[in-house]
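What follows is a short report on a single structure.
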Amino acid sequence: MNKSSLRRALSATAIAGGTAALMMAGLAGASAHVSINPDKTTANSYALLTFGVPHGCDTSGTTKLTINLPEELTDATPTVNPNWTVEKVTQTLPEPKKLADGTSITKRTSQIVYTAKAPLDPHLRDALVLSVKLPDTAGKTLYFPTLQNCEQGQTNWAEIPKDGQDPHSLKAPAPSVAVTAAGAAAADGHMAASISTEQAASVTDDGSQARSWAGLIAGLAGLGLGGAAFFRNRSAKASVSK
């Protein structure tokens, strides 16, 4: 086998290997954020928002998660999780707020605080579920800045993208929900209410992990093809030399 053919085969193999490595890195990053599922919900509906709790702060276990509700929401009902205690923090409004049904409120729920009964192993994930009534206006993205406290250190998932900025480019993006029109695929209030806690808790990310796995498989396939081409070329040259 001549040097030119060898270089081409090794180059193809290296590119495929590099692709696989990048996909693996993307997979780790996608599953590392505090995320919400579903990420799109129908305006003026009730929805179950499942917050996926990722690894701890480096190697330190998670002890508390403080979820800040956007101003558009007045309340949230937390789902009981046997691994955590939970409390609702209220805020007095600067002036009464009139609701769609004509009533007025002077206080709102501003935070939901989950405290772990035992630190969450940094190699494991958990899911915390809130039931909320979404605003009646579609086309708005709601952000839920979330502070993750650990045995040592903390991570403040509070970065909000600027107009036109890719949220995936942020180091610690705030979990978000895009409010969609009534005809969108998101569940309406009755459907959301019928989802069991077990079903909601089984969701751990926004689907990016599955896409990352697909990319990783494609990278590994390219690696295999590069190696196969190398050995076919080498075998062919050996036959000719005989």
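Sparse packing is recorded around CG of Asp58, with 12 or fewer heavy atoms of other residues, nucleotides or ligands lying under 6.0 Å away. Within a 6.0 Å radius of NZ in Lys64, other residues, nucleotides and ligands contribute 12 heavy atoms or fewer. Within a 6.0 Å radius of NZ in Lys140, other residues, nucleotides and ligands contribute 12 heavy atoms or fewer.
Residues Leu130 and Tyr114 meet the side-chain proximity criterion, which asks for heavy atoms closer than 4.5 Å. With contacts defined as side-chain heavy-atom distances shorter than 4.5 Å, the pair Lys117/Asn83 does not qualify. Asp126 is listed as a side-chain neighbour of Asn81, based on a closest heavy-atom distance under 4.5 Å. Here the side chains of Leu99 and Ile105 are in contact, with some heavy-atom distance below 4.5 Å. Counting heavy atoms from C-beta outward, Lys88 and Ile112 have side chains that approach closer than 4.5 Å. Within the 4.5 Å cutoff, no side-chain heavy atoms of Gln154 are placed close to those of Gln148. For the pair Phe51 and Pro175, the minimum side-chain heavy-atom distance is below 4.5 Å. With contacts defined as side-chain heavy-atom distances shorter than 4.5 Å, the pair Glu72/Leu142 qualifies.
If you check the side chains of Thr103 and Asp101, you find a donor sitting under 3.5 Å from an acceptor. Side-chain contact annotation: Asp75 with Thr109, donor-acceptor N/O pair under 3.5 Å present. Side chains of His123 and Asp121: a donor-acceptor N/O pair is absent below 3.5 angstrom, by distance only.
Checked by atom type and distance alone, the side chain of Ser60 never pairs as donor or acceptor with a backbone atom of Cys57 at under 3.5 Å. Between the side chain of Thr146 and the backbone N or O of Trp157, no donor-acceptor pair lies under 3.5 Å. Although no hydrogens or angles enter the test, the distance criterion places a donor-acceptor pair under 3.5 Å between the side chain of Thr63 and the main chain of Asn149. Looking only at distances, no side-chain donor or acceptor of Thr141 sits under 3.5 Å from a matching main-chain atom of Gly139.
The minimum heavy-atom distance between Gly61 and Pro122, with the atom names listed, is CA-CD, 4.0 Å. Contact between Pro38 and Leu49 at its shortest, heavy atoms only, is O-CD2, 4.2 Å. Closest non-hydrogen pair, Leu65 versus Trp84, comes out as N-CZ3, 4.4 Å. Minimum heavy-atom separation, Glu71 to Arg108: CA-NH2, 3.8 Å. Closest heavy-atom contact between Leu170 and Pro173: O-CD, 3.6 Å. Considering all non-hydrogen atoms of both residues, Pro54 and Thr62 come closest at O-OG1, 4.4 Å.
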Could you give me the CA-CA distance, side-chain angles and deciding distance for Val179 and Thr137, then say whether side-chain contact (heavy atoms from CB on, under 4.5 Å) is met? CA-CA 8 Å; Val179 182; Thr137 303; over 6 Å; no
Please determine whether side-chain contact (heavy atoms from CB on, under 4.5 Å) holds for the pair Thr74 and Lys97, giving the CA-CA distance in whole Å, both sets of side-chain angles, and the decisive distance to 0.1 Å. CA-CA 9 Å; Thr74 59; Lys97 180 179 181 179; 3.9 Å; yes
Go through the steps for Ser45 and Leu134 under the test side-chain contact (heavy atoms from CB on, under 4.5 Å), then give the verdict. CA-CA 6 Å; Ser45 70; Leu134 295 172; 4.0 Å; yes
Given side-chain contact (heavy atoms from CB on, under 4.5 Å), test Phe144 with Asn68 step by step and report yes or no. CA-CA 5 Å; Phe144 295 75; Asn68 292 279; over 6 Å; no
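Linking ILVMFWY side-chain heavy atoms closer than 4.5 Å, directly or via other members, places Leu73 and Val34 in a single hydrophobic cluster. Taking hydrophobic clusters as Ile, Leu, Val, Met, Phe, Trp and Tyr residues chained together by side-chain heavy-atom distances below 4.5 Å, Tyr143 does not share a cluster with Leu147.
Distance check: Thr85 OG1 to Glu87 CD gives 7.5 Å after rounding to the nearest 0.5 Å.
Salt-bridge formation is not detected for the pair Lys171/Glu159: no Lys NZ or Arg NE/NH1/NH2 atom is positioned less than 4.0 Å from an Asp or Glu carboxylate oxygen.
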